Amino acid sequence: MAAPQLSVVIPVYNEEAGLQALFDRLYPALDKLGVGFEIIFVNDGSRDRSAAILREQFAKRPDVTRVILFNGNYGQHTAIVAGFEHCRGERVVTLDADLQNPPEDIGRLLAAMDAGHDYVGGVRRTREDSWWRHAASVAMNRVRERITRIKMTDQGCMLRAYSRDIVRAITASREVSTYIPALAYTFAFNPTEIEVGHAERVAGVSKYSLYKLIRLNFDLITGFSLVPLQLFSMFGMLVSAGALVTYLIVIVNRLVLSGWREGMATLWDRDILAFFLIGMLLFGLGLIGEYVGRIYQQVRERPRFMIKAVLEQDSDEPSRSP
Ligand code: UDP
Ligand code: MG
């Protein structure tokens with residue numbers, strides 16, 4: 001098949017109950033768009049019949065369907081990276097398999113790309129999740145906003161569209177755990193957001209337990225910020241400085257109260273000095289953290305920059321000046 005214009009990447013983990021409903025809405029929605037497309041399902045080691053259902057669907061629409069089967073469960077974002085490595089479209093859309101985001105909104109993402117954006121994030125208009133999920137994600141959005149440079153209104157929404165260049169940069173990053181929407185944001189020139197629909201899961205239950213959700217947010221925070229490491233240095237410096245000031249005040253006080261001779265004997269204050277040393281230790285820990293952080297940034301081997309354009313005379317063409 002010729003390279004399609006649009007690739008849709010869908011991670012699938014134990015979604016047997018909802019897959020048919022997804023096919024029933026996704027294929028007509030994409031057929032209607034009138035662009036060449038491919039759908040890449042990545043089965044993330046499902047333990048139910050998902051893989052078999054995907055095989056059947058591949059047999060039905062082999063022209064536009066591609067299926068990647070993992071041997072185990074590697075997580076939603078790793079599954080998406082695998083889809084990115086195999087997709088061929090100029091534009092790539094990610095979508096969850098549970099129909100919480102309507103496939104009919106893909107056309108609206110593409111319209112925003114037509115307007116010149118290379119990254120279009122979805123923002124869920126109304127959220128149909130449990131209250132604790134909602135509260136947790138509001139809190140995480142806040143934390144992320146403060147300690148990373150990534151600006152997203154709704155980091156949890158996976159209905160998003162990426163340009164080929166961004167997808168290429170993501171697959172070139174050699175990190176093991178990642179958070180696709182955030183990584184894409186760091187590579188985007190002209191990102192935007194649009195509102196998309198959100199509904200309850202058609203079938204099955206959320207694949208994120210509280211534990212997995214916390215792990216995911218650690219991936220996001222540690223993947224895009226060294227602030228947690230730097231906090232140690234900052235705290236250590238504060239403790240040391242505080243101990244130093246306290247020491248001076250206490251010693252001067254003693255000298256004044258008990259006179260010069262006896263005051264000399266009280267210069268040694270173990271408690272305050274211990275605080276000073278604890279502060280230095282924390283500072284040292286943070287310093288080691290700085291180096292670890294740098295090693296971490298180095299081993300990820302992300303593209304260090306994205307060039308938008310280079311203005312130069314074509315070197316093959318001889319200069320035409322007289
Ligand atoms: N998913 C996956 N691997 C996992 C967990 C989830 O591929 O380990 C897929 C899942 O099948 C779905 C998407 O990621 O297509 C989002 O998962 P879910 O809807 O359970 O997350 P929630 O909407 O509760 O955030
Ligand atoms: Mg979901």
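Worth knowing before you read on, the calculation uses all heavy atoms, side chains too, and leaves out hydrogens, waters and symmetry mates. Quantities reported herein were computed from a predicted structural model and do not represent experimental measurements. Note that ligands are numbered from 1 as they come in the structure, with each ligand's atoms numbered from 1 the same way.
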Legend entry - From P11, G204, S137, A97 - option closest to atom 7 (O) of ligand 1 by heavy atom: P11

Could you check [atom] against the protein and tell me its nearest heavy-atom contact, residue, atom and distance included?
{"atom": "atom 1 (N) of ligand 1", "result": "Y13 CB, 3.7 Å"}
{"atom": "atom 17 (O) of ligand 1", "result": "Y208 CE1, 4.0 Å"}
{"atom": "atom 19 (O) of ligand 1", "result": "D98 OD2, 2.5 Å"}
{"atom": "atom 24 (O) of ligand 1", "result": "S206 OG, 2.5 Å"}
{"atom": "atom 3 (N) of ligand 1", "result": "D44 OD2, 2.6 Å"}

Legend entry - R201 bridged to E15 by N-O distance under 4.0 Å: yes

Legend entry - Salt-bridge criterion met for K60 and E56 (N-O under 4.0 Å): no

Legend entry - Validation row, ring centre F41 to ring centre F23 under 6.0 Å: yes

Legend entry - ligand 1 versus D96: contacting region, heavy-atom distance under 4.0 Å: both

Inset, instruction - Check K207 against ligand 1 and report side chain, backbone, both or neither, counting heavy atoms closer than 4.0 Å. - result: both

Inset, instruction - Just say parallel, tilted or perpendicular for the rings of Y119 and Y162, cut-offs at 30° and 60°. - result: parallel

Inset, instruction - On the 0 to 90° scale, with breaks at 30° and 60°, tag the H77-Y179 ring pair as parallel, tilted or perpendicular. - result: parallel

Under a 4.0 angstrom heavy-atom cut-off, which atoms of ligand 1 come close to [X]?
{"X": "G75", "result": "3 (N), 8 (O)"}
{"X": "E15", "result": "10 (C), 11 (O), 12 (C), 15 (O)"}
{"X": "R201", "result": "18 (P), 19 (O), 20 (O)"}
{"X": "N73", "result": "3 (N), 4 (C), 8 (O)"}
{"X": "Q100", "result": "19 (O), 23 (O)"}
{"X": "K212", "result": "4 (C), 5 (C), 8 (O)"}

Inset, instruction - To the nearest 0.5 angstrom, please state how far the OG1 atom of T178 sits from the CZ atom of R302. - result: 5.5 Å

Inset, instruction - Output the distance between atom OG1 (T246) and atom CD1 (I251), rounded to the nearest 0.5 Å. - result: 11.0 Å

Legend entry - Side chain T94, main chain M158, donor-acceptor under 3.5 Å: yes

Legend entry - Expected output: side-chain E38 to main-chain S7 donor-acceptor under 3.5 Å: no

Inset, instruction - Angle at the Mg ion (ligand 2): provide the value between OD2 of D98 and OE1 of Q100, rounding to 10 degrees. - result: 90°

Inset, instruction - Could you tell me whether some N/O pair between A79 and ligand 1 is separated by less than 3.5 angstrom? - result: no

Inset, instruction - Give a yes/no verdict on whether any heavy atom in R133 is under 4.0 Å from an atom of ligand 1. - result: yes

Legend entry - F232 CZ: over 12 foreign heavy atoms closer than 6.0 Å: no

Legend entry - Whether over 12 other heavy atoms sit under 6.0 Å from R149 CZ: no

